[in-house]
Each structure stands twice: as C-alpha cells, then as structure tokens.
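Below, read A as the first sequence line, B as the second, and so on, with proteins coming before strands; counting in each chain starts at 1. Scope of the values below: all heavy atoms of this structure, side chains included, with no hydrogens, waters or symmetry mates.
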Number of protein chains: 2
Amino acid sequence: MRNLRDKKTFWCYEKLSKCCCRLTKPRHAILDVLSATEKHLNAEQIYKSASRIEPNIGLATIYRNLELLVNIGLVWKFETGNSKTVYELAECRHESHHHHLICKKCNSIIDYSGFRDNEKDFIRRREEMLSKKYDFKIQNHCIDFYGLCAKCRNA
Amino acid sequence: MRNLRDKKTFWCYEKLSKCCCRLTKPRHAILDVLSATEKHLNAEQIYKSASRIEPNIGLATIYRNLELLVNIGLVWKFETGNSKTVYELAECRHESHHHHLICKKCNSIIDYSGFRDNEKDFIRRREEMLSKKYDFKIQNHCIDFYGLCAKCRNA
DNA sequence: GTCCTATTGAGAACTATTCTCATTAATAAA
DNA sequence: TTTATTAATGAGAATAGTTCTCAATAGGAC
Ligand SMILES: [Mn+2]
Ligand SMILES: [Mn+2]
Ligand SMILES: [Zn+2]
Ligand SMILES: [Zn+2]
C-alpha cells in the first residue's frame with residue numbers, strides 16, 4: 001500500500017480529511033475508476049472496475065462511498081429514469097460542470113459543456129430571481145434534454 | 001359505471017382511444033387522483049387515493065398505467081434522487097410545463113412556471129443549437145434547481 | 001508503535017418496481 | 001342488444017437496486 005506521504009498528495013486527500021474521511025483503499029480505487037473515464041457509470045460498473053484494483057472490495061462499500069462522495073461534492077449522481085443511477089466525477093475533469101442530452105431509446109448520455117458566457121449569465125440571473133421569489137437557496141442545478149440520438153433516429 | 005356516452009366526453013378519452021387504450025375504471029381513477037392535486041405523488045400515494053375511488057385496484061395496475069400514461073404524454077414522471085419516483089399530470093392543469101426547485105433536505109418540490117418570454121426563447125435557441133451540434137432530436141427537457149427551502153434553512 | 005474509531009466485507013434485509021397468469025371487462029362489430 | 005375480441009385487471013410471486021447489520025480491520029493522530 002502507498003505510504004502516508006504519498007497519500008497526502010492524492011488530489012482530494014485534503015478535502016477528504018477536512019470531512020474526517022480516511023483515504024481508504026476502496027475509496028482510492030473508486031476515485032481512480034471515476035477519474036479514468038468520461039462515461040457515466042452505475043454502481044455495478046464501478047464495482048467491477050474497482051474490483052480489478054481492489055479484488056476484495058464489496059458492493060456495499062461502493063454504495064457507501066458513492067453516497068459519501070456525492071455528499072461532500074466530489075461526485076455527481078443522477079438518475080436516468082430507467083432505474084439505473086449513474087455517477088461521474090464532479091471535479092478534476094476536462095470541464096467539470098455540464099448538462100446532458102439523454103436518449104430516451106438507448107439511454108445513452110451526451111455531456112454538453114461548451115457553454116457560452118451568455119448561457120452562464122442567464123442561468124445565474126435565473127437562479128437569483130428564483131432564490132428571491134421562492135425564498136430558496138439554490139446550490140446547484142440539473143439541466144437535461146431528452147430525445148433521440150442520431151443512431152436511434154436512423155434505426 | 002358511467003355509460004359509454006359519458007365516457008366519451010372524458011377529457012382524455014380521445015387521446016386514449018387514439019392509442020388503442022381503453023378508459024378502464026382503474027385508469028379513470030388514477031387520472032382523477034392526479035387531476036385533483038397539484039402535488040407530486042409517488043406510486044404508493046396514488047395507489048392509496050385511487051383505492052378510495054376503486055377499492056379493489058391493485059398496485060401493479062397503478063404502475064402499469066402510470067407507465068402507459070407517461071408514454072402517451074398525459075403524465076410527467078421524474079425521479080427525485082431519494083428513490084421515490086413521483087408523477088404529476090402533464091396536461092389539463094393551471095400551466096402545464098414548468099421546472100422544479102427541489103429541497104435536498106426535506107425533498108419538497110416547488111413548481112416554478114412563471115416563465116418570462118425571454119426564458120422560453122432562450123431555451124428554444126439552446127435546443128436548436130444543441131440539436132445541430134450533437135445531431136440529437138430534442139423532445140423535452142427537465143430543469144431542476146437543487147438547494148434548501150426556507151423551512152429547512154431556518155431549522 | 002499504540003489507540004481510537006471510521007471503515008470494511010459478507011450477506012441478510014429491504015423496497016420499489018415488474019412480471020405471471022388466470023379472470024374480467026371495454027369496445028367494436030354484428 | 002348481444003356477441004366476440006383481446007386489452008386490462010388483481011393477486012401475489014419475483015426481481016433488482018440499494019441499504020442495513022455486525023464482527024473484524026485498518027487509517028492516521030499522537
Ligand atoms: Mn455528465
Ligand atoms: Mn412539477
Ligand atoms: Zn439513442
Ligand atoms: Zn426543505
């Protein structure tokens with residue numbers, strides 16, 4: 001196992017310890033799995049990949065840690081409507097915040113992140129307005145577009 | 001039971017028969033339940049309310065019909081992230097299309113529908129742009145804002 | 001190295017949803 | 001109105017994603 005000094009340089013070690021969360025081997029593996037892909041993985045897929053790094057890891061540990069990582073904001077979780085919850089890294093990626101195009105037929109997900117400035121402005125203004133109008137503290141948002149991907153439309 | 005002539009005047013009878021769906025008693029009850037509220041109900045809640053109208057209705061029938069009604073576009077379904085899928089009528093309401101403010105703590109949902117024209121324009125333009133860029137036919141969208149409601153913030 | 005306790009693995013338990021199948025009833029046709 | 005067709009139903013079993021339990025382990029502060 002990596003020694004302590006190495007661990008302290010891990011990209012989210014600080015954030016974890018700030019929350020009194022230890023950088024355990026399963027946790028490290030899960031973060032490695034999510035870091036290594038740009039796909040949206042469900043718990044089972046993360047379990048399989050993480051098992052290659054930590055062969056004895058348990059599925060319950062996957063769920064426990066995903067919940068924890070979502071809570072401290074390192075991971076973004078969302079439901080696709082076909083009962084498979086998927087996860088992706090929230091930070092440390094090409095461009096962290098993004099929206100989704102979701103195909104209703106094949107359930108594939110396209111990340112959309114090339115925001116124009118006016119798009120960010122628009123959403124920020126909308127959030128300000130909504131916060132006031134409904135006395136609601138907005139922390140984040142989820143914008144998904146549903147429809148048919150090119151492949152499914154031509155099939 | 002209502003006779004045939006009455007049923008044919010039911011607000012979505014045409015839409016149903018167009019899809020070869022019969023206006024059955026359980027179906028009628030579910031639509032009545034959804035029509036009578038502005039809340040977002042889960043399957044269990046719909047089951048309980050519908051049971052008061054049709055005492056022998058089965059839970060499986062609730063799920064079957066909700067799926068059907070979602071497919072033909074009469075009902076809007078969405079997942080709140082706490083594993084309770086909720087449903088609401090898509091048509092025949094104050095203002096059909098709307099977005100949501102969802103409290104992360106108490107899971108309450110606020111409907112937000114007072115769109116300004118520029119908001120609709122903005123989303124329409126965005127959809128046009130995305131459709132082209134990703135060769136994706138957009139059919140609808142889901143915009144949710146997550147955060148803390150007034151009650152939970154002051155508690 | 002010692003100690004405290006957060007975290008783990010295994011599997012049982014839970015729960016929302018879907019499936020199966022014999023029976024019933026909505027509707028079109030006669 | 002009667003009949004025929006087959007979509008739809010209720011009951012309960014089955015499934016699957018997720019959470020829980022608990023004794024054992026290991027991260028990391030000291
Ligand atoms: Mn994504
Ligand atoms: Mn709503
Ligand atoms: Zn597709
Ligand atoms: Zn709240």
Side-chain angles (χ1 to χ4, degrees), chain A residues 1-10 12-14 16-31 41-48 50-51 53-72 77-87, chain B residues 1-8 10 12-14 16-31 41-48 50-51 53-72 77-87 107:
Chain A
M1 171 72 184
R2 306 155 190 89
N3 68 38
L4 241 192
R5 184 159 37 201
D6 284 348
K7 292 175 70 173
K8 282 187 175 162
T9 67
F10 188 65
C12 62
Y13 183 88
E14 270 202 43
L16 285 174
S17 31
K18 203 172 291 173
C19 305
C20 299
C21 299
R22 299 171 181 175
L23 180 51
T24 62
K25 289 198 257 187
R27 212 161 271 169
H28 199 300
I30 291 168
L31 287 163
L41 303 178
N42 61 41
E44 194 68 33
Q45 295 170 314
I46 295 168
Y47 174 54
K48 281 196 183 123
S51 294
I53 306 172
E54 289 295 333
N56 290 323
I57 198 169
L59 182 54
T61 300
I62 302 290
Y63 279 106
R64 272 190 297 244
N65 280 303
L66 286 172
E67 190 189 1
L68 177 125
L69 294 170
V70 167
N71 284 339
I72 66 179
K77 154 188 183 174
F78 80 107
E79 339 253 332
T80 60
N82 73 130
S83 84
K84 298 265 184 183
T85 302
V86 296
Y87 302 84
Chain B
M1 171 70 183
R2 305 152 192 92
N3 69 38
L4 241 191
R5 183 158 38 200
D6 284 347
K7 292 177 67 174
K8 282 187 175 161
F10 188 65
C12 61
Y13 184 87
E14 270 202 41
L16 284 173
S17 31
K18 204 172 291 173
C19 305
C20 299
C21 298
R22 299 171 180 175
L23 180 51
T24 62
K25 288 197 258 186
R27 211 162 273 170
H28 198 299
I30 291 168
L31 287 163
L41 303 178
N42 61 42
E44 194 68 33
Q45 294 170 314
I46 295 168
Y47 174 54
K48 283 197 182 120
S51 294
I53 306 172
E54 288 297 331
N56 290 323
I57 198 169
L59 182 53
T61 300
I62 302 291
Y63 278 106
R64 272 189 298 244
N65 280 304
L66 287 172
E67 188 188 2
L68 178 126
L69 295 169
V70 167
N71 284 340
I72 66 180
K77 154 188 182 173
F78 81 107
E79 340 252 332
T80 60
N82 72 132
S83 84
K84 298 267 182 178
T85 302
V86 295
Y87 302 84
N107 289 309

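- Annotation: of the two residues near DNA chain D, B:Ile62 and B:Cys20, the 5′-most nearest-nucleotide partner is B:Cys20.
- Straight-line distance from the CG atom of B:Leu66 to the C1' atom of D:dA8: 15 Å, rounded to whole Å.
- To the nearest 0.5 angstrom, B:Ser17 atom OG is 8.5 Å from B:Leu23 atom CG.
- Contact check for B:Leu16 versus B:Ile72: side-chain heavy atoms found under the 4.5 Å cut-off.
- Residues passing the side chain to side chain contact (heavy atoms under 4.5 Å, CB included) test with B:Thr61, sequence neighbours excluded: B:Pro26, B:Ile57, B:Arg64, B:Asn65.
- At least one side-chain nitrogen or oxygen of A:Asn65 sits closer than 4.0 Å to the OP1 or OP2 atom of C:dT8.
- Rounded to an integer number of Å, the gap from B:Arg27 CZ to C:dA25 C1' is 12 Å.
- Atom NE2 of A:His28 sits about 9.5 Å away from atom CD of A:Glu54, to the nearest 0.5 Å.
- For B:Arg22 and D:dA8, a side-chain-to-base donor-acceptor distance below 3.5 Å is absent, hydrogens and geometry of angles not being considered.
- For the pair A:Thr24 and D:dG27, the criterion of a side-chain N or O lying under 4.0 Å from OP1 or OP2 is not met.
- Here C:dA6 presents its C1' atom at 11 Å from CG of A:Leu68, a figure rounded to the nearest Å.
- For the atom pair B:Ile46 CD1 and B:Tyr63 OH, the distance stands at 9.0 Å (nearest 0.5 Å).
- The nearest whole Å value for the distance from the CD atom in A:Glu54 to the C1' atom in C:dT7 is 13 Å.
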**Message:** Can you give me the dot-bracket string for DNA chain C, 5' to 3', counting Watson-Crick and G-U wobble pairs with both distances under 3.5 Å, using [ ] for crossing pairs and | for partners on another strand?
**Reply:** ||||||||||||||||||||||||||||||
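- Between D:dT9 and B:Lys25, no contact under 4.0 Å exists linking OP1 or OP2 to a side-chain N or O.
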**Request:** Classify every nucleotide of nucleotides 15-23 of chain C by which part a protein heavy atom approaches to under 4.0 Å, writing B for the base, S for the sugar-phosphate alone and - for neither, in 5'-to-3' order.
**Result:** -SBBBB---
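- Of the inter-residue distances, the one linking A:Leu66 atom CG with A:Ile62 atom CD1 reads 6.5 Å to the nearest 0.5 angstrom.
- Protein atom NE2 of B:His28 is 11 Å distant from nucleotide atom P of C:dA26, rounded to whole Å.
- B:Asn42 meets the side chain to side chain contact (heavy atoms under 4.5 Å, CB included) test with B:Glu44, B:Gln45, B:Lys84, B:Val86; sequence neighbours excluded.
- Atom CG in B:Leu16 sits about 9 Å away from atom P in D:dA8, given to the nearest Å.
- With values rounded to the nearest 0.5 angstrom, A:Tyr13 atom OH is found 13.0 Å from A:Lys18 atom NZ.
- Counting to the nearest Å, the C1' atom of C:dA25 and the CG atom of B:Leu23 are 13 Å from each other.
- Following rounding to the nearest Å, B:Lys18 (NZ) and C:dT27 (P) show an atom-to-atom distance of 16 Å.
- Looking at B:Tyr87 and B:Leu69, their side chains never come closer than 4.5 Å, going by heavy atoms from C-beta outward.
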